[in-house]
Amino acid sequence: MSHHQDAIAPHGGELVNRVATPAQKETFLSKADFLPRVTLDERAVSDLEMIAIGGFSPLTGFMNQEDYNRVVGEMRLANGLVWSIPITLSVTEEVAAPLIEGGLVRLDNPDGEFIGVLELTEKYTYDKKREAINVYRTDDAKHPGVQVVYNQGSVNLAGDIWLLQRDSHPHFPSYQIDPAASREMFKEKGWKTIVGFQTRNPIHRAHEYIQKCALETVDGLFLHPLVGATKEDDIAADVRMRCYEILIEHYYPLDRVILAINPAAMRYAGPREAIFHALVRKNYGCTHFIVGRDHAGVGDYYGTYDAQHIFDEFAPEELGIVPMKFEHAFYCTRTKQMATTKTSPSKPEERVHLSGTKVREMLRRGELPPPEFSRPEVAAELTRAMRVPAVLA
């Protein structure tokens with residue numbers, strides 16, 4: 001794999017920047033009262049931000065019909081570049097009707113603040129069931145990703161975007177590290193190989209184990225927990241971040257780890273989202289990406305290692321980032337250490353691993369997960385947090 005001067009080239013070759021300059025912002029603001037408005041939901045706000053800062057490079061806006069159809073059908077953009085998740089702005093027919101192709105659309109956040117502009121090039125309808133089956137591998141409305149598709153508008157708005165307003169993250173301003181900044185940090189540290197790690201769940205010993213296994217073979221670890229929209233029953237983002245801070249302080253080599261937030265929203269698209277998450281981390285400058293058991297999965301919709309198998313459908317140079325595939329890790333009571341079936345001679349009854357659901361039930365009862373599953377400092381923080389109403393989704 002050829003290396004960019006920053007260790008790895010962004011997907012498509014260039015890091016996108018669609019953050020409006022002060023002069024552009026002033027021009028757009030002067031037109032604010034005359035532009036038709038579209039109010040974005042939480043996920044669309046995240047998508048707008050990720051496009052603007054280059055996290056979704058090479059996308060410069062919301063997908064047109066040609067890109068959308070090929071992504072849904074073949075996991076590629078119209079130009080053939082690998083891309084596995086449709087990034088679209090969906091509205092109702094009533095909202096779409098007065099919008100004029102070739103014109104500008106004002107994008108507001110849920111609070112009514114003018115945060116972005118869409119250069120509208122196309123309005124098109126789409127087949128929701130086709131998107132659900134192809135992207136999520138199910139048309140079951142109980143699937144959280146499918147539910148979003150079914151509930152959103154039936155018209156997609158396409159075109160390049162500009163981000164006008166981006167405030168510091170209200171809870172994690174020091175961890176708000178954009179792709180251009182993370183690349184610069186890797187460069188300053190002299191890291192040539194960087195492994196990225198994605199999670200929407202609190203850190204536990206199995207995560208720690210595979211992260212450290214990966215860290216044995218690369219220069220640095222980029223811990224990149226997702227803080228955008230997740231399911232209601234997922235652990236709140238502020239709690240997950242505190243757990244990472246605790247773990248890094250006590251159990252990780254500080255000079256070889258960078259913690260940053262990923263502002264994107266979860267899709268719960270399993271295998272397709274694993275590819276998507278890898279490409280996003282490539283844009284942030286990672287050369288490698290950890291893919292564990294049931295990556296980005298939910299319920300029983302995906303096979304245990306489908307998220308790993310999907311990487312084999314693409315040539316390595318098409319992805320441009322190396323997947324590091326790990327078996328399900330557990331604490332082995334026979335060897336008294338973390339392991340997988342590749343390294344442990346244990347029988348099933350000699351393995352300690354708990355499901356996220358079971359851990360949440362324990363925490364709500366005020367019970368600490370066993371030290372074989374979770375570091376005691378992390379378990380204590382989770383128990384404390386679960387007794388207090390969450391403030392962050």
Q.
side chain to side chain contact (heavy atoms under 4.5 Å, CB included), that's the test. Do Leu259 and Met241 meet it? Break it down for me.
A. CA-CA 9 Å; Leu259 175 63; Met241 288 296 289; 4.0 Å; yes

Q. Can Tyr209 and Gln337 be said to form a side-chain hydrogen bond (donor to acceptor under 3.5 Å, both in side chains), step by step?
A. CA-CA 10 Å; Tyr209 174 73; Gln337 61 188 3; over 6 Å; no

Q: Go through the steps to decide whether Trp83 and Met63 satisfy the test side chain to side chain contact (heavy atoms under 4.5 Å, CB included), and finish with yes or no.
A: CA-CA 11 Å; Trp83 195 267; Met63 287 181 177; 3.3 Å; yes

(Q) Before you tell me yes or no, could you show the steps for Arg272 and Asp306 under salt bridge (charged side-chain N to carboxylate O under 4.0 Å, His left out), namely the whole-Å CA-CA distance, both residues' side-chain angles and the distance that decides it to 0.1 Å? (A) CA-CA 9 Å; Arg272 280 206 182 211; Asp306 283 358; over 6 Å; no

Q) Hey, mind stepping through Ile310 and Ile275 against side chain to side chain contact (heavy atoms under 4.5 Å, CB included) and telling me if it holds? A) CA-CA 8 Å; Ile310 195 172; Ile275 295 288; 3.8 Å; yes

Q. After noting the C-alpha distance and the side-chain angles of Arg365 and Glu367, does the key distance pass the salt bridge (charged side-chain N to carboxylate O under 4.0 Å, His left out) rule?
A. CA-CA 6 Å; Arg365 292 195 300 266; Glu367 298 174 15; 2.8 Å; yes

Q | Candidate pair Glu350 and Arg334, rule salt bridge (charged side-chain N to carboxylate O under 4.0 Å, His left out), full reasoning | A | CA-CA 6 Å; Glu350 297 174 299; Arg334 187 189 299 193; 3.0 Å; yes

Q: Take Glu49 and Ser46, measure what side-chain hydrogen bond (donor to acceptor under 3.5 Å, both in side chains) needs, and give me the verdict at the end.
A: CA-CA 5 Å; Glu49 179 179 346; Ser46 291; 5.8 Å; no

(Q) Using the rule given for side chain to side chain contact (heavy atoms under 4.5 Å, CB included), can you reason through Leu48 versus Leu40, listing the C-alpha separation, both sets of side-chain angles and the distance that settles it, and then say yes or no? (A) CA-CA 9 Å; Leu48 175 71; Leu40 306 181; 4.0 Å; yes

Q) Between Arg375 and His250, is a side-chain hydrogen bond (donor to acceptor under 3.5 Å, both in side chains) present by the stated rule, with each step listed? A) CA-CA 10 Å; Arg375 295 291 189 181; His250 295 287; over 6 Å; no

**Q.** Trace of the side-chain hydrogen bond (donor to acceptor under 3.5 Å, both in side chains) decision for Glu245 with Tyr175
**A.** CA-CA 11 Å; Glu245 290 172 333; Tyr175 296 115; 2.9 Å; yes

Q: Evaluate the criterion salt bridge (charged side-chain N to carboxylate O under 4.0 Å, His left out) for residue pair Arg384 and Glu381; output intermediate values, then yes/no.
A: CA-CA 5 Å; Arg384 184 199 67 76; Glu381 174 62 28; 3.0 Å; yes

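In this structure, Lys212 places its NZ atom where more than 12 heavy-atom neighbours from other residues, nucleotides or ligands lie under 6.0 Å away. The number of heavy atoms from other shown groups lying within 6.0 Å of CD (Glu14) does not exceed 12. In Glu66, the CD atom is not crowded: 12 or fewer heavy atoms of neighbouring residues, nucleotides or ligands sit closer than 6.0 Å. A 6.0 Å sphere centred on CG of Asp300 holds no more than 12 heavy atoms belonging to other residues, nucleotides or ligands. No more than 12 heavy atoms of other residues, nucleotides or ligands lie within 6.0 Å of NZ in Lys129, so this atom counts as exposed by the packing criterion. No more than 12 heavy atoms of other residues, nucleotides or ligands shown are found within 6.0 angstrom of CD on Glu216.
Minimum heavy-atom separation, Arg267 to Ile85: NE-CG2, 4.0 Å. Ile51 and Leu59 make their closest contact through CG2-O, 3.6 Å (heavy atoms, listed as atom of the first residue, atom of the second, distance). Considering all non-hydrogen atoms of both residues, Val352 and Glu372 come closest at CG1-CB, 4.1 Å. Closest heavy-atom contact between Gly292 and Gln308: O-NE2, 3.5 Å. Across every non-hydrogen atom of Asp160 and Arg18, the tightest pair is CB-NH2, 3.2 Å. Across all their heavy atoms, Glu318 and Val82 have their closest contact at CB-CG2, 3.9 Å.
Between Asp67 and Arg76 no salt bridge is recorded (no basic side-chain N to carboxylate O distance below 4.0 Å). Lys189 has no carboxylate O lying under 4.0 Å from a charged side-chain N of Asp255, or vice versa, which leaves the two without a salt bridge.
Note on Leu163: it clusters hydrophobically with Val45, by side-chain heavy-atom contacts below 4.5 Å among ILVMFWY residues. By the criterion of side-chain heavy atoms lying less than 4.5 angstrom apart, applied directly or through intervening Ile, Leu, Val, Met, Phe, Trp or Tyr residues, Val148 is not grouped with Val71; the two fall into different hydrophobic clusters. Hydrophobic clustering of Ile, Leu, Val, Met, Phe, Trp and Tyr side chains at less than 4.5 Å, counting indirect connections, unites Val257 with Val378.
Under the 3.5 Å distance criterion, with hydrogens and angles disregarded, a donor-acceptor pair is assigned to the side chains of Tyr252 and Gln211.
With a 4.5 Å cut-off on side-chain heavy atoms, Phe56 and Asp47 count as touching. Taking the side chain as every heavy atom from C-beta outward, Asn262 and Met50 approach each other to under 4.5 Å. Side-chain contact between Glu101 and Thr121 is absent, with no heavy atoms from C-beta onward closer than 4.5 Å.
Atom-to-atom distance recorded for Ile194:CD1 and Ile258:CD1 is 8.5 Å, nearest 0.5 angstrom. Distance check, rounded to the nearest 0.5 Å: OG of Ser344 to OH of Tyr331 gives 11.0 Å. Rounding to the nearest 0.5 angstrom, the gap separating the CD atom in Gln152 from the OG1 atom in Thr88 is 5.5 Å. Separating the SG atom in Cys243 from the CG atom in Leu382 is a distance of 4.0 Å, to the nearest 0.5 Å. Atom CG of residue Leu107 and atom OG1 of residue Thr39 lie 9.5 Å apart, to the nearest 0.5 angstrom. Of the inter-residue distances, the one linking Met324 atom CE with Phe311 atom CZ reads 12.5 Å to the nearest 0.5 angstrom.
A ring-ring contact (aromatic ring centres under 6.0 Å, His included) with His224 is found for exactly one of Tyr284, Tyr244, Phe197, Phe172, namely Tyr284. When each of Leu118, Leu120, Asp41 is paired with Leu89, the side chain to side chain contact (heavy atoms under 4.5 Å, CB included) condition holds for Leu118 and for no other.
Aromatic ring centroids of Phe222 and Phe186 lie under 6.0 Å apart.
Taking the six-membered ring for Trp and thresholds of 30 and 60 degrees, Phe28 and Trp162 have ring planes inclined between 30 and 60 degrees apart. Ring planes of His277 and Phe289: perpendicular class, angle over 60° (limits at 30 and 60°). Taking the six-membered ring for Trp and thresholds of 30 and 60 degrees, Tyr68 and Tyr124 have ring planes inclined between 30 and 60 degrees apart. The aromatic rings of Tyr302 and His143 sit perpendicular to each other, their planes meeting at more than 60°, with 30° as the lower class boundary.
Geometrically, Lys325 does not engage Tyr305 in a cation-pi contact, judged by NZ or CZ lying under 6.0 Å from the ring centre and within 45° of the ring axis.
Listed by chain and residue number, Asp108 satisfy the salt bridge (Lys or Arg N to Asp or Glu O under 4.0 Å) test with Arg106 (two or more places apart in sequence, or in another chain).
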